[in-house]
Amino acid sequence: MKKQFLAMGAILFSGILFAGCSSSSASSSPETMSVTLAGNPATADPNKGGDTNSGSLFAQTDEGLYKLDKNQKVVAGVATKIVKPTNNGKTYTFKIKKNAKWSNGKAITAQDFATSFQRQVDPNTKSQVANLLTYVKNYQAVQDGKVKPSALGVKALNKDTLQMQLSKPEPYLQTVLATSLYPVNSAYVKKYGSNYGSSSSKVVSSGAYKLVGWNGTKDTWTYKKNPYYWNAKQVKLS
């Protein structure tokens, strides 16, 4: 699926996932759809990008604990189910699907989510979207540099279990988890550091499509079907 950058008259497909789309009549190939963005994404790193163009990229390549179905209802994504909180609405314990994999074939783990959320709040990351996690325990202390990012109220209890502790109940948590918070590959973050997501070769995808041929400035690139996506059989466009 090719992305084309048009400075004028572009159509912004922000938040639309093409996994369930049928083929486009305007396309020369029944397996391809060409779409446009208003400008180039700033980053492919979901911990940093707050611009709408990056958001559109994340919507195609990343999937969080939850996602939105075709009726815009929150359903389970990488998590096995929608979680009911305990501790008076302040503790969430998520189980990760055992067949959830990155686009490089490696398993998506609870630690990948913990790494992502801690990294997003870490002031050294200079994230534009750190405030999406303001309701998580110790958020402000981490942002102020008073405690380490590992003190944020998110931790991997084991490979498949993620626990999130909130400072107070948050009614919009489900929607944020479905639309704005994604895992990062812990091994890639360790390898590339602040350059994670600066090009398609320095990021892996958790969602239906993987990013191909993007270097941060190119005006065209491709979203290619992720064969390791847990729900790949339902992805109609290659």
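Note that the structure is a prediction, hence the values are computed from the model and not measured.
A 4.5 Å side-chain heavy-atom check between Val136 and Val121 finds every atom pair outside the cut-off. Counting heavy atoms from C-beta outward, Trp221 and Val212 have side chains that stay 4.5 Å or more apart. In this structure, the side chains of Leu132 and Leu181 come closer than 4.5 Å at one or more pairs of heavy atoms. Using a 4.5 Å cut-off on side-chain heavy atoms (C-beta onward), Tyr229 and Glu63 make contact. Counting only heavy atoms from C-beta outward, the side chains of Trp102 and Tyr228 never approach each other to under 4.5 Å. Using a 4.5 Å heavy-atom cutoff, the side chains of Val204 and Ser103 are in contact. No side-chain heavy atom of Trp230 sits less than 4.5 Å from a side-chain heavy atom of Ser206. Counting heavy atoms from C-beta on, the side chains of Leu57 and Thr61 come closer than 4.5 Å.
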Test side-chain hydrogen bond (donor to acceptor under 3.5 Å, both in side chains) applied to Asn40 and Asp219, step by step: CA-CA 7 Å; Asn40 279 310; Asp219 292 344; 3.0 Å; yes
Could you give me the CA-CA distance, side-chain angles and deciding distance for Leu68 and Thr179, then say whether side chain to side chain contact (heavy atoms under 4.5 Å, CB included) is met? CA-CA 7 Å; Leu68 298 179; Thr179 62; 3.6 Å; yes
Tell me, with the steps shown, if Val75 and Lys67 meet side chain to side chain contact (heavy atoms under 4.5 Å, CB included). CA-CA 6 Å; Val75 295; Lys67 63 179 181 177; 3.7 Å; yes
One pair to check against side chain to side chain contact (heavy atoms under 4.5 Å, CB included): Lys48 and Arg119. What are the steps and the verdict? CA-CA 9 Å; Lys48 294 181 179 179; Arg119 183 170 176 263; 4.1 Å; yes
Pair Tyr196, Val184 - check side chain to side chain contact (heavy atoms under 4.5 Å, CB included), show working. CA-CA 9 Å; Tyr196 180 82; Val184 293; 3.8 Å; yes
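In terms of heavy-atom proximity, Tyr182 sits nearest to Gly64 at CD2-N, 3.7 Å. Contact record, Ser127 with Val129: OG-N, 2.9 Å, taken as the closest heavy-atom pair. In plain terms, the two heavy atoms of Leu65 and Ile96 that are nearest each other are CD2-CD1, 3.7 Å. Nearest heavy-atom pair across Pro227 and Lys225 is CD-O, 3.2 Å. Gln118 approaches Val154 most closely through the heavy-atom pair NE2-O, 3.1 Å. Of all heavy-atom pairs between Leu133 and Tyr139, the closest is O-CD1, 3.4 Å.
Taking CZ of Phe117 as the start and CG of Asp122 as the end, the distance is 15.0 Å to the nearest 0.5 Å. Interatomic distance, CG of Asp160 versus CD of Gln111, reported as 12.5 Å (0.5 Å rounding).
Residue Gln120 is tested with Asn47, Leu152, Thr125, Asp45 for a side chain to side chain contact (heavy atoms under 4.5 Å, CB included); the sole match is Asn47.
For Asn131 and Thr134, the side-chain atoms include no donor-acceptor pair closer than 3.5 Å. Side-chain N/O atoms of Asn215 and Thr217 include a donor and acceptor closer than 3.5 Å. If you check the side chains of Asp112 and Ser186, you find a donor sitting under 3.5 Å from an acceptor. Looking only at atom types and distance, the side chain of Asp51 has a donor-acceptor partner in the side chain of Ser54 under 3.5 Å away.
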Pair up each side-chain donor or acceptor in residues 79-94 with any protein partner under 3.5 Å, not counting sequence neighbours, and list the distances.
| residue | atom | partner | partner atom | Å |
| --- | --- | --- | --- | --- |
| Asn87 | ND2 | Thr91 | OG1 | 3.2 |
| Thr91 | OG1 | Gln165 | OE1 | 2.8 |

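Note on Leu157: it does not cluster hydrophobically with Val78, by side-chain heavy-atom contacts below 4.5 Å among ILVMFWY residues. Cluster membership check: Tyr223 shares its hydrophobic cluster with Met33, using side-chain heavy-atom separations under 4.5 Å among Ile, Leu, Val, Met, Phe, Trp and Tyr.
Considering only residues two or more places apart in sequence or on other chains, Tyr188 meets the ring pair (Phe, Tyr, Trp, His ring centres under 6.0 Å) condition with Tyr192.
Sorted by first and then second residue, the side-chain hydrogen bond (donor to acceptor under 3.5 Å, both in side chains) pairs with a member in residues 144-157 read Gln140-Asp144; sequence neighbours excluded.
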